[in-house]
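Okay, so here's the structure we're looking at.
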Number of protein chains: 2
Amino acid sequence: MIESEPSPNGAAEAESSSRKRVVIGDVAARAGVSKSAVSFVFNNRSGVSASARERILRAADELGWRPSARARALSRSHAQAVGLVIRRDPELLSTDPFFPQFMAGVEIGLTAHDYSLVLQVVADEQSERAAYHRFADASRVDGVFLTDVRIGDTRPQDARELGLRAVVIAPEDAASDDGVAIGMNDSDGVRRAVHHLHSLGHRRIAHVMGAPMYVHTEARRRAWREALVDLGLPVGTVVTADFTGASGARATHELLDLPEPPTAIVYGNDLMAIAGVSAATDRGVRVPEDLSVVGFDDIPLAPYALPPLTTVRQNVVAWGTAAAQTLVALVEGRQPPTVRLPPVEFVVRGSTGPTRDRRHA
Amino acid sequence: MIESEPSPNGAAEAESSSRKRVVIGDVAARAGVSKSAVSFVFNNRSGVSASARERILRAADELGWRPSARARALSRSHAQAVGLVIRRDPELLSTDPFFPQFMAGVEIGLTAHDYSLVLQVVADEQSERAAYHRFADASRVDGVFLTDVRIGDTRPQDARELGLRAVVIAPEDAASDDGVAIGMNDSDGVRRAVHHLHSLGHRRIAHVMGAPMYVHTEARRRAWREALVDLGLPVGTVVTADFTGASGARATHELLDLPEPPTAIVYGNDLMAIAGVSAATDRGVRVPEDLSVVGFDDIPLAPYALPPLTTVRQNVVAWGTAAAQTLVALVEGRQPPTVRLPPVEFVVRGSTGPTRDRRHA
DNA sequence: CACGGCGATCAAACCGGTTTGAATCTGCCG
DNA sequence: CGGCAGATTCAAACCGGTTTGATCGCCGTG
């Protein structure tokens, strides 16, 4: 009823210059063909002569017409959109360097196929289930990404039952048995961290884990353990934390309180590592002279920490793009391409150094 | 053609146990009414008797039916979705603590009204324009958020011409003349920072700006300047940076190279501030003994920086929620509610301290 | 008892595309 | 010159809801 649109063409020809939305019929009429022909051209299907195709494209261009995603979604029973549900306490979300980069990567993969990304941020498990249900029942999306995979996570099956295609984002070696998984090799980065510390003379290497319910937490812990075993070093102490700065600081104090404290600590992420440095410094333990520290993520601040943080960098953007390509292939019924992800990088900065005896040598 | 769905009900009753999608007609049939009646109930419109309503709700529940967002979007010419375009170099995106929190807040506001958020991450201006066009032409969304507003930004008008409702996210005092703006008071935080430094005895207070094209960058600079003038202090040096750590470090060196270097620096964000501390430390300038530093954002790492960072905290989640409520009201043609946002907080930590003469006094 | 008004009900039109099936139009061959 | 395969073309059905307009019953009123 109330139209706030200004009428751009005041006293012009009243008939053809109506300011209504341009629809496929208008294009067809202007090109002198049927709606079907227009539709065929815009879905590049054969069955339209070159001359007709030309007229149609010109007409569409002149009218500035593009097929409505709404109508298209309905008639093809296909939303041309995929969903990402992020389950995280809103306040803690900005802690995590993963999601922004992952989403950016996903976009690259999606835009290439003209898909949209529908986002949902939820706080707890119940809202998360509800979110997937809404996605499926309302047919808003054709598929979903499953991130932050937990041990024993049932979402892959849940998604299938809801009729949603899914790709699971998890470290390579945690690749689940069912559902298409795409993963990067977390383990490799941790392994390299341990080898680096070993080469600097460290023998008591501890680990501060993130929240234990996630498969990537466990993957990193296992990689740390296996690297120690491979090198013939004693398996050091593990402290469970939860990826927050506070937990990293607390875990660090625990480790330094041990009768034989470690000379190096591998943390599950950069935030805990930096908080750990802060905790160590508070009690007079110097980094890297008395304690070497390795993080994980290479957040933008890592080079500016004091000392600059040695850490592991993954190409999360590439990961997102690969995940998107896989999911699109999946919902379109194609065989997903086999993707090769760039290898993990290990970035040596100032927070790791030789042990005391090495320095004297 | 190729259906990879397993057939869940092999030899069951062929007729009623079809595995097709449940549609409104099925619900209507089961309740013994017409489609219209079902539609009326699910859009709580009058014109359905209590008994019929009851039967309909029961039937829908038993069948697990929910209206398809696709069909609904088409027939109501309304996508029940809004868009957010983020223009940022993917690699730099994780630098910014704003977006994750903002999106989380937006979700809170949207889910309450059952709207979806469609995201688009783009790298440059051209793709950004294209993204808004795709949103509008394909009718994927009903409205958009405009963030990272630039000086002389034409997007509010652009959006209007495309027929998209828009809410502009910008600091309060930069609230644009056209389009509905919702903003928080950046200035207040900066003002409080300057007053805090003044009370510690500082008189030479410099400012490291972020990228100058943004209105919020300018708002913060102006607030810094006005606070100095109000306090009768000389207007210090401003260095232009771009919100990255590298630029913050460089700007800090520039300031400390001055013949009369500042005793305090107010930075446009925490990342630059922490990089600034790192730069100062590198050249033997101690924080806070020789130099006081204030950031902006209160990123999760701020308490764990060395020294812990004094900074300004905004409730970005609340901001997002308010923006979402406003946008939904707008696209539904209602008067947007007037929102009161929580005030900015100023968090004093260890990176600011009294000047040398104050300490001796 | 006729009539106006109101709530409940439903068939049909509509939203803007895609897809199907039949009609029409070639060109080519026997 | 008849017949036929293959390419174009289009009208009509369809996707799954919402909305309109007409019909029907029922009640209270003059």
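All chains are named by letter (A, B, ...) in the order of the sequence lines, taking the proteins before the strands, and each is independently numbered beginning at 1. Values reported hereafter were calculated over all heavy atoms of this structure, with side chains retained and with hydrogens, waters and symmetry mates removed.
- With sequence neighbours excluded, the residues that form a salt bridge (Lys or Arg N to Asp or Glu O under 4.0 Å) with A:Arg30 are A:Glu62.
- Rounded to an integer number of Å, the gap from CZ of B:Arg140 to C1' of C:dG16 is 15 Å.
- Within a heavy-atom distance below 4.0 Å of DNA chain D, the residues of residues 32-45 of chain A found are A:Gly32, A:Val33, A:Ser34, A:Ser36.
- Counting to the nearest Å, the C1' atom of D:dG17 and the NE2 atom of B:His78 are 15 Å from each other.
- Using a 4.5 Å heavy-atom cutoff, the side chains of B:Arg134 and B:Val141 are not in contact.
- The stretch residues 62-77 of chain B touches DNA chain C through B:Leu74, B:Ser75, each having a heavy atom under 4.0 angstrom from the strand.
- In this entry the distance linking CZ of B:Arg21 with P of D:dG16 reads 7 Å, nearest Å.
- The CD1 atom of A:Ile24 sits 13 Å away from the P atom of D:dA11 (whole-angstrom rounding).
- Using modelled atom types, no side-chain atom of A:Arg155 and backbone atom of A:Ala166 make a donor-acceptor pair closer than 3.5 Å.
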I'd like a table of atom pairs between the protein and nucleotides 26-28 of chain C - only N or O on both sides, under 3.5 Å - with the distance next to each one.
none

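- Nucleotide C:dT18 holds its C1' atom 13 Å from the CD atom of A:Gln80, rounded to whole Å.
- Note on A:Asp96 versus A:Arg88: salt bridge recorded, some NZ/NE/NH1/NH2 to OD/OE distance being below 4.0 Å.
- Residues A:Ile24 and A:Ser39 share a closest heavy-atom pair of CD1-N, 4.0 Å.
- Each end of the helix from C:dC1-D:dG30 to C:dG30-D:dC1 gets its own rotation axis from five pairs of C1' atoms, and the angle between them is 70° to the nearest 10 degrees.
- Applying the side-chain contact (heavy atoms from CB on, under 4.5 Å) test between B:Leu110 and each of B:Leu327, B:Leu117, B:Thr321 identifies B:Leu117 as the sole match.
- Annotation: cation-pi geometry satisfied between A:Arg45 and A:Phe40 (NZ/CZ under 6.0 angstrom from ring centroid, within 45° of ring axis).
- Under the 4.5 Å side-chain criterion, counting only non-hydrogen atoms from C-beta, A:Glu332 is in contact with A:Val328.
- Distance CD/A:Gln157 to CG/A:Asp153: 8.5 Å, rounded to 0.5 Å.
- Counting only N and O atoms by type, the side chains of A:Arg70 and B:Ser77 include no donor and acceptor under 3.5 Å apart.
- Counting all heavy atoms, side chain and backbone alike, A:Phe42 lies closest to A:Pro67 at CD2-CD, 4.0 Å.
- In terms of the salt bridge (Lys or Arg N to Asp or Glu O under 4.0 Å) criterion, A:Arg150 has no residue partners (sequence neighbours excluded).
- No salt bridge links B:Arg165 with B:Asp142; every basic N to acidic carboxylate O contact stays at or beyond 4.0 Å.
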